[in-house]
**Q** 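Below: one structure in structure tokens.
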Amino acid sequence: MSAAEAPRIAVLLSGEGTSLENLLVRSEAGEVPGRVVLVLASKEGAGGLARAERRGIPAVAVPRKPFPDSHAFNDALHAELERYAPELVLLLGFLSPFELRGRYEGRALNVHPALIPAFSGKGYYGRRVHEAVIAAGVKLSGATVHFVDEQYDHGPIVLQRAVPVRDDDTPETLAARVQALERELIPEAVRLFAAGRLEIRGRRVHIRA
């Protein structure tokens, strides 16, 4: 993708879609290249679907529960993605594994509310992450944007920033600061991707000048 191109973006989510809303607002303001062409939710009634519908963006629920396994669930996800041919897939609070299937390597990004590899992997999502951070007594947490691979929260890191963990933090107060970071990191990662500045070399992502 050349620097002049703006990617077609599909967003996968499971909840209210606050990161999606931030991305759409910034895109409408001309701060983020690309266009969201599809929003897929793993839960019926996910708030992110309504946010997409209000803007006329195709919004599809593909509930996880009816499928016998993750592979069958991904069959349904990929069938929807194929209809819209996205060049970039963003996992913004998506709580199920996404299989790349030889089509989205280097073209799928996930945001995680901690500093990977700490407090990451299966079972670490949402409030659970912040509860674990506080219980561990660490002094820093943060947010990470990384390329998706075949393991939970494991792919090469694109961007990472930290916030202090305060003595009086609750999961809610810590989450608010981490989410503020996510609102900056996600648009920045999209801009870098669209400009062709991200190069994966093994486990590292090099950002070209």
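This one's a predicted model, so the numbers in the text were calculated from it and none came from an experiment. Index from 1, following the sequence.
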**Q** So which pairs with a foot in residues 38-53 pass side chain to side chain donor-acceptor pair (under 3.5 Å), sequence neighbours left out?
**A**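 Residue pairs with at least one partner in residues 38-53: Ser14-Ser42, Glu21-Arg51.
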**Q** If two hydrophobic side chains count as joined below 4.5 Å and joins carry through other members, does Ile186 share a cluster with Val158?
**A**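 They do share one cluster, since a chain of ILVMFWY contacts under 4.5 Å joins Ile186 to Val158.
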**Q** If I compare all heavy atoms of Ile200 with all of Pro156, which pair ends up nearest, and what's the gap?
**A**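 What the structure gives for the nearest pair is CG2-CG, 3.9 Å.
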**Q** Hey, are the side chains of Ile207 and Leu198 touching, using non-hydrogen atoms and a 4.5 Å cut-off?
**A**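 Side chain of Ile207 against side chain of Leu198, heavy atoms only: contact under 4.5 Å found.
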**Q** Is Asn22 close to Pro187 at the side-chain level, that is, under 4.5 Å between some pair of heavy atoms?
**A**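 With C-beta onward as the side chain, the pair touches.
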**Q** What heavy-atom pair brings Leu12 and Phe98 nearest, and what distance separates the two atoms?
**A**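 Shortest heavy-atom contact: CD2-CD1, 3.8 Å.
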**Q** For a quick test of reading the model, state the closest non-hydrogen atom pair linking Leu92 to Leu13 and the distance between them.
**A**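 Closest approach of Leu92 to Leu13, heavy atoms only: O-CB, 3.4 Å.
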**Q** Locate the shortest heavy-atom distance separating Val178 from Gly142; write the atom from each residue and the value.
**A**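 Result for this residue pair: CG1-O, 3.3 Å.
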**Q** Applying the 4.5 Å side-chain criterion to the ILVMFWY set and letting contacts propagate, would Val163 and Leu115 be lumped into a single cluster?
**A**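 In one cluster with Val163: Leu115, no.
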**Q** With side-chain contact (heavy atoms from CB on, under 4.5 Å) as the test, would you mind laying out the steps for Gln179 and Thr18 before giving the verdict?
**A** CA-CA 9 Å; Gln179 287 163 4; Thr18 54; 5.6 Å; no
**Q** State, yes or no, whether a side-chain contact exists between Glu80 and Val62 at a heavy-atom distance under 4.5 Å.
**A**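 They are in contact (side-chain heavy atoms under 4.5 Å apart), so the answer is yes.
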**Q** Please check if the side chain of Thr144 supplies one atom and the backbone of Gln160 the other of a donor-acceptor pair under 3.5 Å.
**A**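 No; judged by distance alone, with no hydrogens or angles, the pair does not exist.
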**Q** Look at atom CD of Glu172 and say whether more than 12 heavy atoms of other residues, nucleotides or ligands are closer to it than 6.0 Å.
**A**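 Check passes, neighbour count above 12.
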**Q** Could you pull out the closest heavy-atom pair between Ser70 and Arg64, with the gap in Å?
**A**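 In this case the closest contact between Ser70 and Arg64 is N-NH2, 3.3 Å.
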**Q** Which pairs count as salt bridge (Lys or Arg N to Asp or Glu O under 4.0 Å) when at least one residue sits in residues 145-162, sequence neighbours excluded?
**A**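 Found Arg161-Glu188.
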**Q** Side chain of Arg197, backbone of Arg208: donor and acceptor closer than 3.5 Å?
**A**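 Such a contact is found between Arg197 side chain and Arg208 backbone.
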**Q** For residues Leu77 and Phe67, determine if any side-chain heavy atom of one lies less than 4.5 Å from a side-chain heavy atom of the other.
**A**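 Sidechains of Phe67 and Leu77: no contact.
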**Q** To the nearest 0.5 Å, how far apart are OG in Ser27 and CZ in Arg55?
**A**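 That separation rounds to 9.5 Å.
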**Q** Within the side chain of Glu87, is there an N or O that forms a donor-acceptor pair under 3.5 Å with the backbone of Arg8?
**A**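 Confirmed, Glu87 side chain pairs with Arg8 backbone.
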**Q** Would you call Phe73 and Pro97 a side-chain contact if the rule is heavy atoms closer than 4.5 Å?
**A**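 Result no, sub-4.5 Å side-chain heavy-atom pair not found.
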**Q** Test of understanding: clusters of I, L, V, M, F, W, Y form through side-chain heavy atoms closer than 4.5 Å, transitively. Do Val111 and Phe94 belong to the same one?
**A**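 No: no chain of side-chain contacts under 4.5 Å links Val111 to Phe94.
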**Q** Is Leu38 linked to Val11 within one hydrophobic cluster, defined over Ile, Leu, Val, Met, Phe, Trp and Tyr using a side-chain heavy-atom separation of less than 4.5 Å?
**A**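 No, Leu38 does not connect to Val11 through the hydrophobic network.
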**Q** Rounded to the nearest 0.5 Å, how far apart are CG of Asn110 and CD1 of Ile116?
**A**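 If I round to the nearest 0.5 Å, the distance is 6.5 Å.
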**Q** According to the salt bridge (Lys or Arg N to Asp or Glu O under 4.0 Å) rule, which pairs have a member within residues 94-114, sequence neighbours left out?
**A**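 Checked against salt bridge (Lys or Arg N to Asp or Glu O under 4.0 Å) - neighbours excluded - the pairs reaching residues 94-114 are Asp75-Arg101, Glu99-Arg101.
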**Q** Under the salt bridge (Lys or Arg N to Asp or Glu O under 4.0 Å) rule, what pairs show up with a residue in residues 29-38, not counting sequence neighbours?
**A**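 Only Arg26-Glu31 qualify under salt bridge (Lys or Arg N to Asp or Glu O under 4.0 Å).
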**Q** The test is side-chain contact (heavy atoms from CB on, under 4.5 Å); show your working for Leu181 and Glu184 and say whether it passes.
**A** CA-CA 5 Å; Leu181 279 186; Glu184 299 301 320; 5.8 Å; no
**Q** What residue pairs, at least two apart or across chains, pass side chain to side chain donor-acceptor pair (under 3.5 Å) with a residue in residues 128-139?
**A**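 Every side chain to side chain donor-acceptor pair (under 3.5 Å) pair that includes a residue of residues 128-139, provided the two are not neighbours, is Tyr125-Arg128, Arg127-Glu131.
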**Q** How about CG on Asp69, more than 12 heavy atoms from neighbouring residues, nucleotides or ligands closer than 6.0 Å, or not?
**A**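 Enclosed: over 12 neighbouring heavy atoms sit under 6.0 Å from CG of Asp69.
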**Q** Heavy-atom distance under 4.5 Å between the side chains of Val148 and Val89, does that happen here?
**A**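 Side-chain contact under 4.5 Å: no.
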**Q** Any chance you could lay out the side-chain contact (heavy atoms from CB on, under 4.5 Å) test for Arg203 and His154, step after step, and finish with the verdict?
**A** CA-CA 9 Å; Arg203 290 288 301 149; His154 178 265; 3.6 Å; yes
**Q** Compare all side-chain heavy atoms of Leu81 with those of Leu40 and state whether any distance is below 4.5 angstrom.
**A**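 Yes - at least one pair of side-chain heavy atoms lies under 4.5 Å apart.
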**Q** Apply side-chain hydrogen bond (donor to acceptor under 3.5 Å, both in side chains) to Ser96 and list each qualifying residue two or more places apart in sequence or on a separate chain.
**A**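 Not a single residue meets the side-chain hydrogen bond (donor to acceptor under 3.5 Å, both in side chains) criterion with Ser96.
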**Q** With a 4.5 Å cut-off on side-chain heavy-atom distances among I, L, V, M, F, W and Y, is there a chain of contacts connecting Ile157 to Val133?
**A**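 Result: no, two separate clusters.
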**Q** When the aromatic ring centroids of His112 and Tyr152 are compared, is their separation below 6.0 Å?
**A**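 No: the rings miss the under 6.0 Å criterion.
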**Q** Could you pull out the closest heavy-atom pair between Ile57 and Val39, with the gap in Å?
**A**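 In terms of heavy atoms, the two residues are closest at CG2-CG2, 4.2 Å.
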**Q** Is any side-chain heavy atom of Phe119 less than 4.5 Å from a side-chain heavy atom of Val138?
**A**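 Yes, at least one pair of side-chain atoms sits under 4.5 Å.
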